[in-house]
Amino acid sequence: MQLSFAYQVTKWDPATRTVNPDGSVDWAERPDADGSIEAACLDAISTFARELGVERLTLRDIELRHDDSDLAPGSVLARLFGPRLEGCYDGATVDVAGARLLVREALRAESFDPPAPEEPTLWCRFEAEGRMFVHTGYDLYLYIGASESCLPAVEAVAASGLFPVLVEQSPYDPTSAGAMGELADVPPVDEVFWAAVDALVDERGGVLLQEHAGWDRWHRVVAGGPRPVFRPRAVVEVWPDVSADVAAVLRGILDEDDDPQRDLVYLTADGAVRSVRIDEDSLPGIERRLAGALGGFAVPTTVDEALPMLLHRAACPDADGVVRVRANRF
């Protein structure tokens, strides 16, 4: 969402910026030992929101590394969205206080000072349509977009010790020319989509559905089985069914790379579909975890590998039938 004004809000003083001959940039170090810089960043969001009359912000383009297990009841995400994140989806809204909590966690996850949180951290774009946006970046970088110049807010943020700088656009703007070039038009998840899935099931005996909506969930569809219920604005990709030779799937992952970083989807003995990241952390117990699995599928990691395997792709529309999720090209 492009607005008339975009501000980079940062702890770094432009006067201390030194550009080296190799193009790298050095700044005078400014640690945030007491958390005052973080607090000022969060106050900047409230200050702009108050001046613009914004009370709620919409979550867009959610990214979250999460295994679909229940969250700790006291965690920020559980308090805002429920222990299974049932309220967390593209298009959900939070009040300014909730946005501050989420931005705080995102900033901490991208900073070594203070330590990053151990719980799952959500990154997203916050938007108030036509009025305001908030984007977070590395090392306490914040980008705030506004429909007005908001000079009193800019002055207040500067007085807090931060450095608000007017920029052409946020580097995280999803409507920039570069970002728009990465987006794809996808058809809706509707009866046409399900007819195509049914045809693939008749042909193959079963297919896997990968549901992208901030974090991934996997489903398996077989003849006569139920249709899964997707989260709002999910992007759904259809892949070939699991292979019955789970050991061969695992061996293929391990043989192709000494340091594997690939997800393996497997079918448990009770028919549940699970996934595990195959890496150095999971390898010691992977055979025990896959014991009794009825099938496996190695998730492709590159475009060249994925495109020949991808069977279909669609996105869940809003209630009016319009697809509004921003889906990247594969």
Side-chain angles (χ1 to χ4, degrees), residues 1 3 6-12 30-49 54 56-68 71-72 74-83 85 87-128 132-146 157 160-165 167 169-176 179 212-216 231 233 325-326 328:
M1 181 177 66
L3 297 174
Y7 295 96
Q8 179 192 72
V9 179
T10 175
K11 67 179 182 177
W12 303 108
R30 191 184 176 195
D32 188 24
D34 62 356
S36 60
I37 296 175
E38 176 188 90
C41 287
L42 303 180
D43 287 344
I45 297 171
S46 300
T47 301
F48 272 89
V54 170
R56 299 190 69 81
L57 290 157
T58 301
L59 280 62
R60 300 300 314 273
D61 312 314
I62 295 169
E63 297 177 11
L64 177 65
R65 187 72 182 176
H66 179 51
D67 61 4
D68 208 33
L71 298 173
S75 69
V76 169
L77 293 178
R79 296 203 314 267
L80 290 174
F81 305 117
L85 294 175
C88 183
Y89 54 86
D90 189 284
T93 66
V94 293
D95 60 17
V96 174
R100 285 171 58 107
L101 288 173
L102 293 172
V103 169
R104 184 193 70 184
E105 298 302 291
L107 290 173
R108 289 182 178 181
E110 294 294 340
S111 173
F112 299 106
D113 182 18
E118 296 180 358
E119 298 174 352
T121 301
L122 177 147
W123 185 93
C124 71
R125 297 177 175 93
F126 298 91
E127 297 180 357
M132 181 180 176
F133 68 69
V134 179
H135 303 155
T136 59
Y138 174 73
D139 205 10
L140 292 179
Y141 271 81
L142 195 65
Y143 295 88
I144 300 178
V157 171
S160 74
L162 299 179
F163 299 91
V165 178
V167 294
Q169 67 179 26
S170 164
Y172 303 98
D173 187 347
T175 61
S176 66
H212 303 279
W215 68 101
D216 289 352
R231 291 164 288 172
R233 295 190 180 180
V325 64
R326 292 189 280 248
N328 287 332

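As the structure is a computational prediction, the values presented were derived from the model and not from experiment. Just the heavy atoms: all of them, side chains too, but no hydrogens, waters or symmetry mates, feed the values below.
To the nearest 0.5 Å, atom OG1 of residue T93 and atom CG of residue L59 are 8.0 Å apart. Expressed to the nearest 0.5 Å, how far OG1 of T175 lies from CZ of R125 amounts to 9.0 Å. If you take CG on L162 and OH on Y7, they are separated by 14.5 Å, rounding to the nearest 0.5 Å. Once rounded to the nearest 0.5 Å, the distance linking CG of L57 with CZ of R100 reads 12.0 Å. We find the NZ-SG distance between K11 and C41 to be 9.0 Å, quoted to the nearest 0.5 Å. Distance check: D173 CG to H135 NE2 gives 6.0 Å after rounding to the nearest 0.5 Å.
A pairwise comparison of heavy atoms in R60 and V325 identifies NH2-CA, 4.1 Å as the closest pair. Between A106 and T136 the shortest heavy-atom distance is CB-OG1, 3.8 Å. Taking all atoms of both residues into account, the shortest heavy-atom contact from V96 to S46 is CG1-OG, 3.8 Å. When every heavy atom of L3 is checked against every heavy atom of A146, the shortest pair comes out as CB-O, 3.4 Å. Smallest separation of non-hydrogen atoms from F163 and W12: CD1-O, 3.4 Å. Taking each heavy atom of A6 and S170 in turn, the nearest pair found is CB-N, 4.3 Å.
Residues satisfying the side-chain contact (heavy atoms from CB on, under 4.5 Å) test with A92, not counting sequence neighbours, are Y89. Scanning for side-chain hydrogen bond (donor to acceptor under 3.5 Å, both in side chains) contacts around R104 gives an empty result, with sequence neighbours left out.
V94 is listed as a side-chain neighbour of F81, based on a closest heavy-atom distance under 4.5 Å. By the 4.5 Å heavy-atom criterion applied to side chains, L122 and V76 are not counted as neighbours. Considering only heavy atoms from C-beta on, Y172 stays 4.5 Å or farther from F133 through its side chain. Counting heavy atoms from C-beta outward, V9 and I45 have side chains that stay 4.5 Å or more apart. Residues P174 and D61 form a side-chain contact, since some pair of their non-hydrogen atoms from C-beta on lies under 4.5 Å apart. For the pair L102 and W123, the minimum side-chain heavy-atom distance is 4.5 Å or more. Contact of the L142 side chain with the T10 side chain is not registered, since no non-hydrogen atoms from C-beta on lie closer than 4.5 Å. Looking at heavy atoms from C-beta onward, V103 lies in side-chain contact with F126 at the 4.5 angstrom threshold.
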For this session: Decide yes or no on side chain to side chain contact (heavy atoms under 4.5 Å, CB included) for W215 and L85, but give the supporting numbers first.
Result: CA-CA 10 Å; W215 68 101; L85 294 175; 3.4 Å; yes
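Judged by distance alone, with hydrogens and angles left aside, the side-chain atoms of T47 form a donor-acceptor pair with the main-chain N or O of D43 at under 3.5 Å.
Ion pairing between D90 and R326 fails under the 4.0 Å rule for side-chain N and carboxylate O.
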